[in-house]
Amino acid sequence: MTFEERSYDGGKFASVEVSDKPFDEASKECVLKLLKYVGGSNNKGAGMGMTSPVSMISYPTEEESLQPKVKVILRVPNQFQADPPLPTDESIQIEERGALTIYAMQFGGFAKEADYVSHAAKLRSCLGPEASYHKDYYICCGYDPPMKPYGRRNEVWFVKNT
């Protein structure tokens with residue numbers, strides 16, 4: 001298993017948070033809301049197109065599972081960065097997020113909570129005790145639409161302390 005270190009620009013992101021539901025259910029609910037937003041459920045009726053990845057900020061428990069709380073973020077497409085359309089769904093926020101450097105591990109398939117948790121454990125062991133990154137959360141990323149059956153790309157990201 002290998003990992004990559006990458007940097008990402010900051011910018012404006014659409015985000016939605018759901019708690020008190022299992023990770024898989026909560027993340028699906030959030031993603032559907034964001035899909036509607038970029039699909040035109042906004043004050044400009046703008047179909048913005050999808051950006052990738054869909055990033056799910058998750059919070060690990062002591063038991064190597066994920067807390068029933070997730071925040072899903074999606075970068076607003078470049079041509080809308082200066083003035084993002086406002087979501088008609090009040091649960092969606094537009095937020096400014098800073099640049100970040102991440103450690104990423106990639107894997108395939110239709111990712112569920114258990115897949116993200118097991119790859120997070122692999123990434124943790126690859127990095128070893130010397131690496132400095134945020135331990136209180138990690139980011140689960142999906143790059144593909146649900147109808148893509150093969151060659152799927154998922155990643156677990158640990159955010160490097162800078």
Side-chain angles (χ1 to χ4, degrees), residues 1-18 23-24 26-39 42 46-60 66-67 69-87 89 91-113 115-146 148 151-162:
M1 282 287 178
T2 58
F3 68 90
E4 290 183 288
E5 184 174 325
R6 295 198 298 262
S7 295
Y8 284 91
D9 292 334
K12 293 193 174 74
F13 287 76
S15 74
V16 62
E17 226 168 320
V18 168
F23 175 83
D24 291 334
S27 56
K28 190 173 183 179
E29 184 178 316
C30 293
V31 168
L32 289 171
K33 287 181 177 208
L34 292 172
L35 284 173
K36 286 183 185 162
Y37 166 66
V38 297
N42 54 63
M48 293 185 272
M50 192 64 184
T51 57
S52 71
V54 172
S55 302
M56 298 163 276
I57 301 171
S58 55
Y59 305 89
L66 297 173
Q67 293 178 34
K69 170 182 166 186
V70 67
K71 180 177 192 172
V72 179
I73 63 172
L74 185 64
R75 193 170 200 280
V76 172
N78 287 339
Q79 66 271 35
F80 295 96
Q81 277 287 318
D83 185 22
L86 300 174
D89 181 336
S91 67
I92 299 174
Q93 305 296 314
I94 301 297
E95 56 185 63
E96 186 78 44
R97 299 183 71 86
L100 42 96
T101 300
I102 53 118
Y103 298 113
M105 181 173 279
Q106 189 173 326
F107 61 100
F110 284 90
K112 297 265 187 269
E113 176 176 356
D115 304 305
Y116 287 118
V117 169
S118 80
H119 285 86
K122 288 174 184 157
L123 179 54
R124 202 173 294 118
S125 72
C126 277
L127 289 169
E130 301 308 306
S132 176
Y133 56 89
H134 290 273
K135 310 271 195 301
D136 53 331
Y137 70 93
Y138 56 85
I139 304 177
C140 305
C141 296
Y143 285 82
D144 301 300
K148 182 179 178 183
R152 297 181 64 80
R153 177 181 173 190
N154 310 289
E155 291 181 339
V156 171
W157 292 359
F158 290 173
V159 178
K160 188 175 179 178
N161 288 320
T162 49

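- At a threshold of 4.5 Å between non-hydrogen side-chain atoms, the residues K160 and I102 do not count as touching.
- Between F3 and Y103, the ring-plane angle classifies as perpendicular under the 30° and 60° cut-offs.
- Listed by chain and residue number, R152 satisfy the side-chain contact (heavy atoms from CB on, under 4.5 Å) test with F110 (two or more places apart in sequence, or in another chain).
- Side-chain atoms of I139 and V159, non-hydrogen and from C-beta on, do get closer than 4.5 Å to each other.
- Looking at heavy atoms from C-beta onward, P85 lies in side-chain contact with M48 at the 4.5 angstrom threshold.
- Side-chain contact check for T51 versus V76: every heavy-atom pair is 4.5 Å or farther apart.
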Open item on the list: If you apply the rule side-chain contact (heavy atoms from CB on, under 4.5 Å), what do you find for V70 with I57, and how did you get there?
Closed with: CA-CA 6 Å; V70 67; I57 301 171; 5.9 Å; no
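- Between F23 and Y116 there is a side-chain heavy-atom pair separated by less than 4.5 Å.
- Using a 4.5 Å heavy-atom threshold, the side chains of F107 and D115 count as touching.
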- [ ] Take L86 and N42, measure what side-chain contact (heavy atoms from CB on, under 4.5 Å) needs, and give me the verdict at the end.
- [x] CA-CA 5 Å; L86 300 174; N42 54 63; 6.0 Å; no
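- A ring pair (Phe, Tyr, Trp, His ring centres under 6.0 Å) with W157 holds for exactly one of Y133, Y137, Y8, Y138; it is Y8.
- Salt bridge present: R6 and E155 bring a charged side-chain N and a carboxylate O closer than 4.0 Å.
- Under the rule for a side-chain contact (heavy atoms from CB on, under 4.5 Å), the partners of N78 that lie at least two apart in sequence or sit in another chain are R75, Q81.
- K12 has no carboxylate O lying under 4.0 Å from a charged side-chain N of E95, or vice versa, which leaves the two without a salt bridge.
- Residues passing the side-chain hydrogen bond (donor to acceptor under 3.5 Å, both in side chains) test with Q93, sequence neighbours excluded: none.
- Separation of atoms CZ (R124) and CE (M105) is listed at 11.0 Å; rounding is to 0.5 Å.
- Shortest non-hydrogen contact noted between D136 and P60 is O-CD, 3.4 Å.
- Open room surrounds CG on D9; 12 or fewer heavy atoms of other groups in view lie less than 6.0 Å from it.
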